[in-house]
Amino acid sequence: MPNSVRVRFAPSPTGPLHIGGVRTALYNFLLARKLGGTFILRIEDTDQARFVPGAEAYILESLAWLGISPDEGIGAGGPHEPYRQSERKDIYKSYADELINSGKAYYAFDTSEELDAMRTTFESQGSAFQYNAVTRVKLRNSLSLSKEEVDQLLANNTPYVIRLKVPAKGEIRFQDTIRDWVHVHTSSIDDKVLMKSDGMPTYHLANVVDDHIMQITHVIRGEEWLPSAPLHILLYQAFGWNPPQFAHLPLLLKPEGNGKLSKRDADLGGFPVFPLEWTDPQTGAISKGFKQEGYLPEATLNFLAFLGWNPGTEQELFSLDELIAAFSLERINKAGAKFDVKKAQWFNEQYLKQHSAQELASTYLPSIDAEKAEAFVHLFLDRITFPQELERLVQEFSEFPVTYDEAVLSSKWNAETKQALELILGALPTCEHWHAEDIKACIQLCLEQAGIKMGKVMQLFRVAMSGKGAGPDLMISLELWGKEQVLARLNKALDIFPAI
RNA sequence: GGUCCGUUCGUCUAGGGGUUAGGACACGUCCCUUUCACGGAUGAAACACGGGUUCGAUUCCCGUACGGACUACCA
């Protein structure tokens, strides 16, 4: 299958995988699945300084949690091993040499300090420094120096980088799947470093070489790469390769104001930007994860998919399989999308309800008797956003009230309702079958006999039972508390409520 | 500063030369309910601005404004 679709997700292990990165992975995965292609996971760890231990494992775990499984690459193996760029150093070197030999690239001996000095000089004159066709003749490189000098420098092991010789004139154009034609003049592109002085390739070289070797057909990545796409095209041209199809995804924006969604926003907004919880190995700081916050993987997936893409129909809820079936690059938007916590929560509520009470009960209320736990799930499911709220709710439910809703008390507590509660207290012990229906009938009967309307006392009764003016179905609550406890609660309330 | 990209309700978005500009989240109201929640119904809410092109532009073109990304021997 030489023409089959091959896409890749290529994160850097510099920290926890950002939720925007997860979406990029998702779109790649969806396209591969949709078209019967291959989804490859490649690790771009060419920056030794920014490498963070544990980040790669985190990426793998995050994708696994969401069901985005690589067909090839890290964690899956494949014909192009290794898939970790740091282990492919020699490959990049040979390709860089090829460019040197063909005159498309050159050695540069300028130090970082020299270049920084150039930048400040240019800046003070109100312009920006570019290492390009104009400036390179005045800098220290194999284009400006004599062959002897260059050979001498190389023989002395002088540190050098390899830079791409970007043509002074010309226009680079490519057709982005999402943005259509993009044109850039080569004059605005500088002679980017391809090989660093530590022998590692830069992103640009490694990326292009690997995408070519691995026969990537579609490069789907974030919009932050759009400005360097023309450089990549230039590289493909320099090697004489056909570039893949590019698709630059709109950015995920912060909920308030403008700008790219960042870690800071998560801390500020009280919502996660990472799929899983992450502990910084350096500082020990913990960042929240969608999973730990209580987001279900299918809700996270659905929500993320809709940030920048839509099926064009009015269907909102999509399983992974449905997303695969409906997905297309053509329906991805151009404009950045703001992260909306409320909508994410809504998706979670929807998916929560799709789970069986039995399943929710056993995973989130494991210490409670199964039958009773299921009853609790039924009682609370409509009132929660995250499954772990269940435990708190049950806990609260089981405790005797300490305070009683003042507002209800002051408006509803009077001689008549006092009498009503006393009647209920007397009637409940005679209730034979302790089931919601029977309890209700029992209460109804005793109040009717006294000529008291149920509506007049029920809220007060609720407060007497739970302390709260609002809550889940009272009759079912009574059933779950059990006769004994209901009587005890009622006695306590009657005791505590102000004397009439 | 330079290069590039973008702009439909508060938010995510559908649509596209002639529409009552559609849906979802959030919000308001009503219904359901002994309460709250859920659910149902309903309401308010948008084509950034200015020029073209056209019989007609929110839709096409050009500007302007605003926003964003990039501008490292980071990815």
Problem set entry | Pairwise salt bridge (charged side-chain N to carboxylate O under 4.0 Å, His left out) hits with a residue in residues 8-20 of chain A, at least two apart | A:Arg8-A:Asp211

Exercise. Contact class for A:Lys353 (heavy atom, under 4.0 Å): base, sugar-phosphate, or nothing?
Worked result: sugar-phosphate

Exercise. Base, sugar-phosphate alone, or nothing: which one does A:Arg179 contact when heavy atoms must sit under 4.0 Å apart?
Worked result: sugar-phosphate

Partners meeting ring pair (Phe, Tyr, Trp, His ring centres under 6.0 Å) with [X] (sequence neighbours left out):
| X | value |
| --- | --- |
| A:Phe303 | A:Phe339 |
| A:Phe174 | A:Phe246 |
| A:Phe461 | none |
| A:Phe497 | A:Tyr404, A:Trp413 |

Problem set entry | Residues forming a salt bridge (Lys or Arg N to Asp or Glu O under 4.0 Å) with A:Asp190, sequence neighbours excluded | A:Lys192

Exercise. Nearest to the side chain of A:Asn333, which nucleotide is it out of B:rA75, B:rU35, B:rU13?
Worked result: B:rU13

Exercise. Quick one: is A:Arg119 getting a side-chain N or O under 4.0 Å of the B:rC73 phosphate, OP1 or OP2?
Worked result: yes

Exercise. Under the side-chain hydrogen bond (donor to acceptor under 3.5 Å, both in side chains) rule, what pairs show up with a residue in residues 301-314 of chain A, not counting sequence neighbours?
Worked result: A:Asn302-A:Tyr351, A:Asn310-A:Arg331

Exercise. Hey, are A:Lys468 and A:Glu396 close enough for a salt bridge, meaning a charged N less than 4.0 Å from a carboxylate O?
Worked result: yes

Problem set entry | Pairing of A:Arg42 and A:Glu44 as salt bridge, 4.0 angstrom limit | yes

Give every pair of a protein N or O atom and an N or O atom of nucleotides 62-71 of chain B that lie under 3.5 Å apart, one pair per line with the distance.
| from | atom 1 | to | atom 2 | distance (Å) |
| --- | --- | --- | --- | --- |
| B:rC70 | OP1 | A:Lys260 | NZ | 3.3 |

Exercise. Heavy atom of residues 160-173 of chain A under 4.0 Å from RNA chain B: which residues?
Worked result: A:Val161, A:Arg163

For this session: Would you jot down, in residue-number order, the residues of residues 19-27 of chain A having a non-hydrogen atom under 4.0 Å from RNA chain B?
Result: none

Exercise. Quick one: A:Leu317 CG to B:rC12 P, roughly how many Å, whole number?
Worked result: 20 Å

Exercise. In the 5'-to-3' direction, what one-character label does each nucleotide of nucleotides 19-28 of chain B receive under the scheme B = base within less than 4.0 Å of a protein heavy atom, S = sugar-phosphate only, - = no such atom?
Worked result: ---SSBSS--

Which pairs would a plain distance check flag for residues 436-444 of chain A, meaning a side-chain donor or acceptor within less than 3.5 Å of a matching protein atom at least two apart in sequence or in another chain?
none

